Chemist: 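One structure coming up, written as structure tokens, with questions to follow.
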Amino acid sequence: MALEFEQPIIELEARIRELREYADSKDVDLSDEIALLEQKLEKLQKEIFGGLSRWQRVQLARAPGRPTTLDVVEKVFADFIELHGDRTFADDPAIVAGLARFRGKSVVVVGHQKGKTTKENIHRNFGMPHPEGYRKAMRMMDMADRFGFPFVSLIDTPGAYPGVSAEERGQAWVIAQSIQRMGRLRVPAIAVVLGEGGSGGALAIGVGNRVLIMENAWYSVISPESCAAILWRDAAQAEEAAEALKLTAHDLRELGVVDRVVPEPGGGAHRHPDRALRELEAALAEELEGLEALGPGELLADRYRRFRAMGAVKIEPAG
Amino acid sequence: MALEFEQPIIELEARIRELREYADSKDVDLSDEIALLEQKLEKLQKEIFGGLSRWQRVQLARAPGRPTTLDVVEKVFADFIELHGDRTFADDPAIVAGLARFRGKSVVVVGHQKGKTTKENIHRNFGMPHPEGYRKAMRMMDMADRFGFPFVSLIDTPGAYPGVSAEERGQAWVIAQSIQRMGRLRVPAIAVVLGEGGSGGALAIGVGNRVLIMENAWYSVISPESCAAILWRDAAQAEEAAEALKLTAHDLRELGVVDRVVPEPGGGAHRHPDRALRELEAALAEELEGLEALGPGELLADRYRRFRAMGAVKIEPAG
Amino acid sequence: MALDRLFRRRRTRGGGRDVPELWLKCPSCEAQVYKKDLEANFMVCPQCGHHFRMGVRERVQMLADEDTFSETTGRVHPQDPLRFSDTEPYSERLSRYQQKTGRPDAIYGGTCTIGGVPSLLLAMDYAFAGGSMGSVVGEEIARGAEQAAAEGRALVIVAASGGARMQEAALSLMQMAKTTMALDRLWEKRLPYVSIMSDPTTGGVTASFAALADVILAEPGALIGFAGPRVIKQTIRQDLPEGFQRSEFLLQHGMLDRVTPRSELKAVLAQILGLLHPEGVRNDGA
Amino acid sequence: MALDRLFRRRRTRGGGRDVPELWLKCPSCEAQVYKKDLEANFMVCPQCGHHFRMGVRERVQMLADEDTFSETTGRVHPQDPLRFSDTEPYSERLSRYQQKTGRPDAIYGGTCTIGGVPSLLLAMDYAFAGGSMGSVVGEEIARGAEQAAAEGRALVIVAASGGARMQEAALSLMQMAKTTMALDRLWEKRLPYVSIMSDPTTGGVTASFAALADVILAEPGALIGFAGPRVIKQTIRQDLPEGFQRSEFLLQHGMLDRVTPRSELKAVLAQILGLLHPEGVRNDGA
Ligand SMILES: [Zn+2]
Ligand SMILES: [Zn+2]
């Protein structure tokens, strides 16, 4: 299941593991050899991960083993309790929501959820929400506002589900409503792009005072494959489309679309999820603390300023 | 189509009409005879309508020709424009909603709508809303609050639809939400029971600062037929159930459930809809004027006081 | 109105209510269960997990922290404002239920802590006229909400009801608005309200305060809905789908936060209250 | 993203865009329609009522009261922040559209009165890159909302768009949040916003400002939705239902207030604005 460009790292890791096991079982001292290989591993990781193409990052963002919303609520938050349903039509398993504690204080958490197995993926519709998912998210935003709890969203979706049922029940409407609802939160709101940030289905829960992104996540208006299919009329040009879309964490930091890149350990979050989540926890703690000083009106104004500034235009002076 | 107890009135009216036509066609003066019969008619109407049983009122409340929401918005309001949809699932024809002008000022109007023909009745589900109807109503309440317009609701339903589809989509939830939403209006709200006020499906749009009722309308927790079916285990006992439920306008005025009974002309609103609607217009004008002096907070407090006082209990002093 | 269900049920249940039975037959797995065992297991069938209905005192005992409960209900008494009579005068019906339950009407509750969170806990009594909501139930719930708001408590209501009480007609209907509007006192103070739906929760109770909680929990297999199944069957003239209007169905349709077995109910409730009312825990006042 | 539709359409349409044609074939009834007749009829087929796409100038002329329109757009110019290039560099694409339309980007509008109500009217230009929303469209809409709020005007936006503009990638996506949030300036002032959806209104435009109006009107037969029909077909691997994603379908599904033929659009819009912004009419200011 490893990605092609990871192979050298994985092979080297395997050799180190073997050497360790051998040393342990035979009770010989191979610490010098191991240390050498570990240095080599670190160098190799830096080399490979320092030179990742955008398309390779997209693959990392989708890699199995990468922390999902349920991993985050379990390991970054405490006392998580999942709450279900949109009180209108259904419970959507593609979005997970609930209450939790973060550093002792209550927070509301909402995130896209992909499955870890094929069966779970089908159950969770590969993390592609129906309108009900966004209505559940909005209900959670209401709850955050009602109790004055910070709102944390975790983005990891290829996009909102593009199916007949979703269209019939107003996919566009509910995404628009969710953007609006989140923009109106009177509490601190932080959005984190965990893996895939696919279009409006991602943005629907992305209207934070701060928007964070994991180092190997992507976030854009369209997936590279769909973009290639439309602009190049060939989905196989996804690699080129990924380059053109400038959809990586560092690209987005430069464009001002995200505020902070959460570093992933060498090898990527999918290979070292716990370390990645500790980085995320630290970043969340810092950002939340920074927002705590702001009152409801200031938070609203701060969020409007943030998104109002988005875009690249040249404005002629009034004649 | 006339009700049994109306027959003598209708016959007398027919005779007067005949006499008039005869006098006109033959050019003879029958004005004394006609005047006499008209006096008799008035006496007869008073007699019959003064002694109506509760069950007879229920029949009047359902009589074809009685003004419906669409008649009210056309004749009592000006510039009505219907707005559709709950922005979630469907447009429910059992509830009509829109903007209109009343005495020159903008108002939001929502009401149950029955059909006047069988075909229209099927289209409008006999005035029994699905959850979507109540969500449309709530959207209109939002609009009234947003613009500061008075909210007028017109109640005329046997009840919310008791079907599988309605249960699946949360009939109970949406009725509760609609009661809550209307209770939270920061604008003057007046509810008028036009015809049938059947249970929670009526109350969902009945949380007014003032609740008016047409003289021959009914309003209760259950229809007489259903009540009889449950308590007497015989739907044919509806007449007795109607008596027991004390569901007429005057009963409800006495119980404090409604604030004002809008008088209907002799013979009932279904036979003289325009005169009935003029009475309604005058009553609405007076009540709206009375509420205009109150600010948003006062309107909320007024509405809470009104409904908080409902019920008959005896409270032991604290020991 | 789902009171129809009450009558049907009572007829199909074996045995008079006043005869103490030592053994009960589980309606789900048909096992014969020793009543004491059942009571020790919070009225959950040890064989199959079927949730029997539960008395209100036992309910309060199960949810309130030990030795923290103090009753607030009991001083509000029903009237017969309509002098209602069907096959039996309402006033006599009331007396009968009052004698049977020892309570003035279909609700029981008071102040307590739950997992350390100061709360006002109310439980509807299905044994009293099918838990139907008339003026007294409405009044106690409104008072409960107001008291919780005034004293900084969470509100917890365990619903068990066939709906509004027909014998108080329009006045019962108005309780739906009264209870709903009283909940807003909690909003103003940012105090949480958790609704627990037990078997059955239908009619005007579901369509008012029970459906408007911050968090809605339901017991497994509970009948929950607006219209009663019999009425719906008459309307659609078809058999109802399997599992229709049961907790699990409602959860799938997005109406509930969780379906929680009775054995976990106290823990889940305490966790939710602790998260929604953290100041309450910190102050540690009851 | 429903930009895919744009490309498909352009290929299947007969005739180059730059050749002035005197006769057009109606795609609905297949009648040959004299172009001048069509224009005189607001681009509605006189035979069958099919609504052709309409130019933005004609749109503004049709909706604004005579001699009240004053353009506010045109000073915001697109950039190429990503130096995007697919089969053609974005910058060249932009120049081409700018030359073709005479406008810097896919939006045109200004202040006017509509039925006497002071308004800010914006129309998206489908002829410019399929009416796609990049930074300029987002900026003009945000400015429009802010100006309307500052000057006490109603906001009216005529949507005609395949969705967000891919060539500005994440920045286009952010316009969905920017435009949505700017609408709240109108809320603070109790000023109305009416959205008019014309053919097509899809993708990020539907999923942001276009769907969030106080009143949503749509033209008959317009394609309206989130995902494009081709994408949906690929997803479900089935043919789409008849009338799917057309105005009338959306109305039935509760998403629109009214489907209004172009011949009635001005009157209906004026009536709604008059009701929602009565002070505007009283002041009679433009
Ligand atoms: Zn059992
Ligand atoms: Zn044609």
Side-chain angles (χ1 to χ4, degrees), chain A residues 159-164 166-177 179-180 182-184 197 199-200 202-204 206-207 219-222 226-233 237 240-241 244-247 251-252 255 257 300 303-304 307-319, chain D residues 1 3-4 7 74-82 84-87 134-136 138-139 142 164-178 180-184 202-204 206-212 224-228 231-232 235-236 238 240-241 244-245 253-255:
Chain A
Y161 182 61
V164 171
E167 292 287 325
E168 280 177 347
R169 301 201 294 273
Q171 191 71 289
W173 271 254
V174 82
I175 289 173
Q177 289 159 3
I179 292 170
Q180 182 172 64
M182 191 164 173
R184 288 176 177 174
S199 191
L203 177 65
V207 190
Y219 190 17
S220 196
V221 74
I222 191 165
S226 301
C227 180
I230 297 171
L231 293 187
W232 281 264
R233 303 197 190 149
Q237 303 284 333
E240 200 171 337
L245 285 167
K246 303 216 173 18
L247 42 54
D251 291 331
L252 296 167
L255 287 167
V257 169
L300 276 175
R303 219 177 292 119
Y304 186 50
F307 286 91
R308 182 66 184 82
M310 295 278 165
V313 297
K314 208 176 83 187
I315 299 177
E316 262 174 56
Chain D
M1 296 314 86
L3 274 182
D4 56 330
F7 291 91
R75 298 199 293 110
V76 184
H77 294 263
Q79 307 289 296
D80 180 10
L82 277 60
F84 196 98
S85 183
D86 46 273
T87 53
S135 299
V136 173
E139 182 67 25
R165 187 172 296 171
M166 275 175 285
Q167 292 88 346
E168 296 184 26
L171 293 179
S172 293
L173 183 64
M174 292 303 122
Q175 304 311 308
M176 291 170 66
K178 179 162 113 182
T180 292
M181 292 166 92
L183 296 176
D184 276 356
T202 58
T206 323
S208 61
F209 65 89
L212 295 170
I224 298 170
F226 179 60
V231 174
I232 298 171
T235 306
I236 63 165
Q238 277 177 16
L240 300 177
F244 178 66
Q245 289 190 319
H253 282 86
M255 302 301 154

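As the structure is a computational prediction, the values presented were derived from the model and not from experiment. Within every chain, numbering begins at 1; the chains are lettered A, B, ... in the order of the sequence lines, protein sequences first and strands thereafter.
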Chemist: Any idea which heavy atoms bring D/T206 and A/A172 closest together, and the distance?
Modeler: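 Shortest heavy-atom contact: CG2-CB, 3.6 Å.
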Chemist: A side-chain contact here means heavy atoms from C-beta on lying under 4.5 Å apart; do D/I232 and A/Y161 qualify?
Modeler: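 No, their side chains stay 4.5 Å or more apart.
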Chemist: What verdict does the side chain to side chain contact (heavy atoms under 4.5 Å, CB included) test give for A/V221 and D/R165, after you've listed the backbone C-alpha separation in whole Å, the side-chain angles of each residue and the deciding distance to 0.1 Å?
Modeler: CA-CA 8 Å; A/V221 74; D/R165 187 172 296 171; over 6 Å; no
Chemist: Need one label for A/L252: side chain, backbone, both or neither, based on atoms under 4.5 Å from any heavy atom in chain D.
Modeler: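 When you check distances to chain D, only side chain atoms of A/L252 fall under 4.5 Å.
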Chemist: Which one of D/S172, D/A210, D/P241, D/A182 has the most heavy-atom pairs closer than 4.5 Å to chain A?
Modeler: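 Greatest number of close heavy-atom pairs with chain A: D/A182.
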Chemist: Quick one, A/R169 and D/H253 - any side-chain contact, counting heavy atoms below 4.5 Å?
Modeler: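 No. Closest side-chain heavy atoms not under 4.5 Å.
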Chemist: Looking at chain D, which one of A/Q171, A/M182, A/E167 has the largest number of heavy-atom pairs inside 4.5 Å, strictly under?
Modeler: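 Winner by heavy-atom pair count: A/E167.
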Chemist: Look only at the side chain of D/R75 and the backbone of A/I315, and say whether a donor-acceptor pair between them is shorter than 3.5 Å.
Modeler: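 Checking the backbone N and O of A/I315 against the side chain of D/R75, no donor-acceptor pair under 3.5 Å is found.
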Chemist: Give a yes or no answer on whether the side chain of A/W173 reaches the backbone of D/A207 with a donor-acceptor pair at less than 3.5 Å.
Modeler: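 No, because the side chain of A/W173 does not come within donor-acceptor range (under 3.5 Å) of the backbone of D/A207.
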Chemist: On a heavy-atom basis, which atom in A/P162 and which in D/A227 lie closest, and how many Å separate them?
Modeler: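 In this case the closest contact between A/P162 and D/A227 is CB-CB, 3.6 Å.
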Chemist: Counting only non-hydrogen atoms closer than 4.5 Å, does D/L82 touch chain A with its backbone (N, CA, C, O), its side chain (CB onward), both, or neither?
Modeler: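 Both parts, backbone and side chain.
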Chemist: Tell me the closest heavy-atom pair linking D/F226 and A/A160, and the distance in Å.
Modeler: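 Where D/F226 meets A/A160 most closely, the heavy atoms are CE2-CB, 3.8 Å.
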Chemist: Do you know the tightest heavy-atom contact between D/S85 and A/W232?
Modeler: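 For D/S85 versus A/W232, the nearest heavy atoms are O-CZ2, 3.5 Å.
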Chemist: If you measure from CD on D/Q167 to CG on A/L245, what distance do you get to the nearest 0.5 Å?
Modeler: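 Output value for this atom pair is 9.5 Å.
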Chemist: What verdict does the side chain to side chain contact (heavy atoms under 4.5 Å, CB included) test give for D/M166 and A/I230, after you've listed the backbone C-alpha separation in whole Å, the side-chain angles of each residue and the deciding distance to 0.1 Å?
Modeler: CA-CA 10 Å; D/M166 275 175 285; A/I230 297 171; 3.7 Å; yes
Chemist: Which answer fits A/L255, side chain, backbone, both or neither, if we ask what part of it has an atom under 4.5 Å from a heavy atom of chain D?
Modeler: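 The answer is both parts of A/L255.
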Chemist: Among D/G225, D/A177, D/G134, who wins on heavy-atom pairs under 4.5 Å with chain A?
Modeler: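 Winner by heavy-atom pair count: D/A177.
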Chemist: When you measure from the side chain of D/E139 to the backbone of A/V313, do you find a donor-acceptor pair of N or O atoms at a distance under 3.5 Å?
Modeler: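 Checking the backbone N and O of A/V313 against the side chain of D/E139, no donor-acceptor pair under 3.5 Å is found.
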Chemist: If you measure from CD on A/E168 to CD on D/Q245, what distance do you get to the nearest 0.5 Å?
Modeler: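 It is 10.0 Å, given to the nearest 0.5 Å.
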Chemist: Need one label for A/V207: side chain, backbone, both or neither, based on atoms under 4.5 Å from any heavy atom in chain D.
Modeler: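 The answer is the side chain of A/V207.
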Chemist: Is the backbone of A/M310 close enough, under 3.5 Å, to the side chain of D/Q175 for a donor and an acceptor to pair up by distance?
Modeler: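 Yes, D/Q175 side chain to A/M310 backbone: donor-acceptor pair under 3.5 Å.
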Chemist: With distance as the sole test, does D/S135 use its side chain to make a donor-acceptor pair with the main-chain N or O of A/A312 at under 3.5 Å?
Modeler: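 Answer holds: yes.
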Chemist: I want to check something: taking the side chain as every heavy atom from C-beta on, are D/L173 and A/S199 in contact at a cut-off of under 4.5 Å?
Modeler: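 The answer is yes, as the side chains (C-beta and beyond) meet within the 4.5 Å cut-off.
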Chemist: Go through it in stages, so that I can follow the logic: the residues are A/V164 and D/Q238, the test is side chain to side chain contact (heavy atoms under 4.5 Å, CB included), and I'd like the CA-CA distance, side-chain angles, deciding distance and then a yes or no.
Modeler: CA-CA 10 Å; A/V164 171; D/Q238 277 177 16; over 6 Å; no
Chemist: Picking from A/R303, A/K246, A/K314, which has the most non-hydrogen pairs under 4.5 angstrom with chain D?
Modeler: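 Greatest number of close heavy-atom pairs with chain D: A/K314.
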Chemist: Closest approach of D/F84 and A/C227, non-hydrogen atoms and distance?
Modeler: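 D/F84 and A/C227 have their closest heavy atoms at CZ-SG, 4.3 Å.
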Chemist: Is the closest side-chain heavy-atom distance between D/D184 and A/Q180 below 4.5 Å?
Modeler: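 In short, these two side chains touch, coming nearer than 4.5 Å.
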Chemist: Within this structure, what is the CE-CZ distance for the pair D/M176 and A/F307, rounded to the nearest 0.5 Å?
Modeler: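 Atom-to-atom, D/M176:CE and A/F307:CZ are 11.5 Å apart.
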Chemist: Between D/L212, D/T180, D/L171, which has the largest tally of heavy atom pairs under 4.5 Å with chain A?
Modeler: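 Between D/L212, D/T180, D/L171, the count favours D/L212.
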Chemist: Would a 4.5 Å heavy-atom cut-off, applied to side chains only, mark D/D86 and A/E240 as touching?
Modeler: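 SC-SC contact between D/D86 and A/E240 ruled out.
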Chemist: Would D/V76 and A/E316 count as a side chain to side chain contact (heavy atoms under 4.5 Å, CB included) if you check the C-alpha gap in whole Å, the side-chain angles of each, and the deciding distance to 0.1 Å?
Modeler: CA-CA 6 Å; D/V76 184; A/E316 262 174 56; over 6 Å; no
